[in-house]
Amino acid sequence: MSTPKLALTDTKAAKLTADVLVIGTIAGADGPEIAPGGEEVAASFDGDLAKVLATLGASGKAEEVVKLPAGSGLRADVLLAVGLGKVTGDSPTGEQVRRAAGAAARALSGVAHAATTLGALDLGAAVQGTVLGAYSFRKYKSEPGDDPVNQVDLVVPDAKDDAAKHALKGGTAIGESVTIARDLINTPPNDLYPGSFADRASELARSAGLEVEVLDEAALRKGGYGGILGVGAGSSRPPRLVRLRHKGPKAAKKVALVGKGVTFDTGGISLKPAASMDEMTSDMSGAAAVIATMVLVSKLNYPLDVTATVPMVENMPSGTAYRPGDVLSMYGGKTVEVLNTDAEGRLILADAIVRAGEDEPDYLIETSTLTGAQVVALGKRTPAVMGDEDFRDRVAKLSQATGEGAWPMPLPEELRGDLDSKLADLANVAGHRWGGMLTAGLFLKEFVRDGLPWAHIDVAGPAYNTNSPHGYTAKGGTGVPVRTIAAVLADIAENG
Ligand code: BES
Ligand code: MN
Ligand code: ZN
């Protein structure tokens, strides 16, 4: 969907003409305080702004939104005070600014022209929060509804500096790429199936200047992609494997990305219960994140060689479906006994991970809505990251700085034996559900090239918001972990 037009300005906030002027508030010990950047607005307001806000019931708590007439001292019509919450250090964190900007942008829906002082706190975060908070997906609604805010001016003292322009460009690019992921996730499974998903991915990639290769069913058969073909066998819509490549300038490092693209997961013959099955429209969120990140990498021309390997299937029960008891011969030759057709993600990822490893990358990052156990362990908002310990911890740390907040999880060796098969090299599930997220990670590990640093990010909970919107997160597809992967790639480009 369309994103708001953003512009930098060094005009004093109090002198800005706009429909709505946004300032931040902080939850102080004795009530709301005006956040840095809003001082002039407060000074030009006719009255004691902090006191007026307190009288209106404001406290400055995170995401609180209070609107009031701006009065004669300001040129805007309406003042919108958005809460940043309690501030512990010198200033609010980037994530506090991002969430406040997101909450403000949501409250600005229907407004033509707004200005915000939040950029003075953290410009990149204010930009990201504004773009993401303004997101709405109305493609399938007959009534147009309120348009997202059309234009937002960001008030910053150094609007003409390269650093500010850079922050605007970077923040916008990240916001747009998260938007691409959200749009793909929110597209229903009757319109987004492997063939149409591959077409959309190719289109997005080509217009971003990426190299594109699509393997159709015949090519997958020829290549021996038994995992992808096995899972895809039940659907009338045949699977695909999409490969996208960015060859950046002076690329010193090669990175492989892999994302799970199950366009709908019924569970297959091991059918899921009907309740909430519709949420499995989001089972391609890993694929969406990887594709969206590739667009970003190309747009910002990262000095890296990045290849995405994205398997796309629909997991359906039918007379042609794979069954519990089948043995699949995976890409690369390992055999897997299928004990549960609902553990399909790991099967298509195994093929993709082996294929990605053949390019001899320096790092591999894979992401997927892989296990319900992820949600049980960490809840709906915190992704899990497993893999090689050093790389895992690096990914988790960078993810926390982006606000996506991935948390490191172990791959305990003793669980590996639970994946032994009576018939094949490996079974696709353990005989019990304890540590289900970890056994899934251990399964994937079997397919990672020896010595290749890798990270597996399970986003089963965080990829899809089934609750109310919050901060810069809309209902539906969230775009997690685009910002984590982007941060890891930027870090690899800089530090190797
Ligand atoms: N796509 C699901 C995982 C999932 C669950 C994602 C809830 C988002 C929300 C995955 O394919 C799946 O079905 N996993 C099974 C594995 C089990 C059979 C070992 C699960 O977690 O129940
Ligand atoms: Mn499943
Ligand atoms: Zn699945």
Side-chain angles (χ1 to χ4, degrees), residues 185-186 189 192-194 197 227-228 230-235 239 258-289 310-317 321-326 336-352 366-384 386 409 415 418-419 421 426-444 456-467 476-478 480-481:
I185 298 163
N186 290 334
L192 194 99
Y193 46 89
F197 191 11
I228 298 171
V231 176
S235 174
V258 172
K260 172 178 171 181
V262 176
T263 61
F264 194 73
D265 181 13
T266 64
I269 297 295
S270 315
L271 194 63
K272 285 185 182 295
S276 308
M277 197 200 275
D278 59 287
E279 290 170 17
M280 288 301 116
T281 180
S282 65
D283 211 19
M284 33 57 72
S285 296
V310 188
M312 299 171 176
V313 300
E314 184 176 49
N315 188 20
M316 296 289 273
Y322 79 137
R323 352 161 160 61
D326 281 358
V336 176
E337 182 185 14
V338 177
L339 295 178
N340 188 323
T341 63
D342 197 12
E344 84 296 340
R346 61 196 76 181
L347 297 171
I348 67 168
L349 291 167
D351 278 3
E366 171 277 324
T367 185
S368 42
T369 47
L370 203 60
T371 64
Q374 185 278 321
V375 199
V376 174
L378 293 173
K380 287 280 301 168
R381 295 199 193 172
T382 304
M386 287 146 274
M409 284 286 169
L415 290 175
D418 302 344
L419 288 170
S421 159
L426 200 65
N428 79 328
V429 292
H432 59 80
R433 59 194 188 87
W434 314 120
M437 165 171 61
L438 316 178
T439 34
L442 284 163
F443 181 92
L444 297 179
H456 154 56
I457 311 172
D458 193 337
V459 288
Y464 198 65
N465 179 22
T466 51
N467 300 321
T478 63
V480 175

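Whatever order the structure lists them in is the order used to number ligands and atoms, beginning at 1. Sequence positions, counted from 1, serve as the residue numbers for this chain. Computed from a predicted structure; not experimentally measured.
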Which heavy-atom pair separates [X] from [Y] by the least distance, and what is that distance?
{"X": "Gln374", "Y": "Val459", "answer": "OE1-C, 4.0 Å"}
{"X": "Thr371", "Y": "Ala460", "answer": "O-CB, 3.1 Å"}
{"X": "Asp351", "Y": "Gly227", "answer": "OD2-N, 2.9 Å"}
{"X": "Gly259", "Y": "Val310", "answer": "O-CG1, 3.7 Å"}

task = Please lay out, stage by stage, how Trp434 and Leu415 fare under the test side-chain contact (heavy atoms from CB on, under 4.5 Å).
result = CA-CA 9 Å; Trp434 314 120; Leu415 290 175; 5.9 Å; no
Residue part near ligand 1, for Asp342, under 4.0 Å between non-hydrogen atoms =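 Answer for Asp342: both.
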query = At under 4.0 Å between heavy atoms, which part of Lys272 makes contact with ligand 1: side chain, backbone, both or neither?
reply =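 It is the side chain that gets close, since no backbone atom is under 4.0 Å.
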Numbered atoms of ligand 1 (with element) below 4.0 Å of [X], judged on heavy atoms:
{"X": "Val429", "value": "19 (C)"}
{"X": "Glu344", "value": "11 (O)"}
{"X": "Arg346", "value": "16 (C), 19 (C)"}
{"X": "Lys260", "value": "1 (N), 10 (C), 11 (O)"}

Of the protein's non-hydrogen atoms, which lies at the shortest distance from [atom], and what is that distance?
{"atom": "atom 2 (C) of ligand 1", "answer": "Asp265 OD2, 3.6 Å"}
{"atom": "atom 18 (C) of ligand 1", "answer": "Asn340 ND2, 3.5 Å"}
{"atom": "atom 10 (C) of ligand 1", "answer": "Leu370 O, 3.3 Å"}
{"atom": "atom 20 (C) of ligand 1", "answer": "Gly372 N, 3.8 Å"}

ask   = What's within reach of the Mn ion (ligand 2), meaning protein N/O/S atoms under 2.8 Å?
value =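 Listed by chain and number: Asp265 OD2, Asp342 O, Asp342 OD1, Glu344 OE1.
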What donor-acceptor contacts under 3.5 angstrom involve side-chain atoms of residues 260-268, with partners at least two apart or in another chain?
from, atom 1, to, atom 2, distance (Å)
Lys260, NZ, Asp283, OD1, 3.1
Lys260, NZ, Asp283, OD2, 3.2
Lys260, NZ, Glu344, OE2, 3.0
Lys260, NZ, Thr369, O, 3.0
Thr263, OG1, Val313, O, 3.4
Asp265, OD1, Gly267, N, 2.9
Asp265, OD1, Asn315, ND2, 2.9
Thr266, OG1, Gly268, N, 2.9
Thr266, OG1, Asn315, O, 2.6

query = Can you tell which of Val258, Leu370, Leu349, Thr367 makes a side chain to side chain contact (heavy atoms under 4.5 Å, CB included) with His456?
reply =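 Result: among Val258, Leu370, Leu349, Thr367, Leu370 is the only option passing the side chain to side chain contact (heavy atoms under 4.5 Å, CB included) with His456.
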inquiry  = The test is side-chain contact (heavy atoms from CB on, under 4.5 Å); show your working for Arg346 and Val336 and say whether it passes.
reply    = CA-CA 11 Å; Arg346 61 196 76 181; Val336 176; over 6 Å; no
Has [X] got a side-chain atom pairing as donor or acceptor with [Y]'s backbone, closer than 3.5 angstrom?
{"X": "Asp458", "Y": "Ala384", "answer": "no"}
{"X": "Asp326", "Y": "Val338", "answer": "no"}
{"X": "Thr439", "Y": "Gly436", "answer": "yes"}
{"X": "Thr341", "Y": "Ser270", "answer": "yes"}
{"X": "Thr382", "Y": "Gly379", "answer": "no"}

task = List the steps, then state whether side-chain contact (heavy atoms from CB on, under 4.5 Å) holds for Leu347 with Tyr322.
result = CA-CA 12 Å; Leu347 297 171; Tyr322 79 137; 3.6 Å; yes
inquiry  = Regarding ligand 1, does Thr371 bring an N or O atom to under 3.5 Å of one of the ligand's N or O atoms?
reply    =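 So ligand 1 has no N or O lying under 3.5 Å from an N or O of Thr371.
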query = Is ligand 1 less than 4.0 angstrom away from at least one heavy atom of Met280?
reply =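 Flag set, Met280 near ligand 1.
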query = Closer than 2.8 Å to the Zn ion (ligand 3), how many protein N/O/S atoms do you count?
reply =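 Count of protein N, O, S atoms less than 2.8 Å from the Zn ion (ligand 3): 4.
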message = Just to verify, what does Arg381 make a salt bridge (charged side-chain N to carboxylate O under 4.0 Å, His left out) with, not counting sequence neighbours?
response =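 Checked Arg381 against salt bridge (charged side-chain N to carboxylate O under 4.0 Å, His left out); zero matches.
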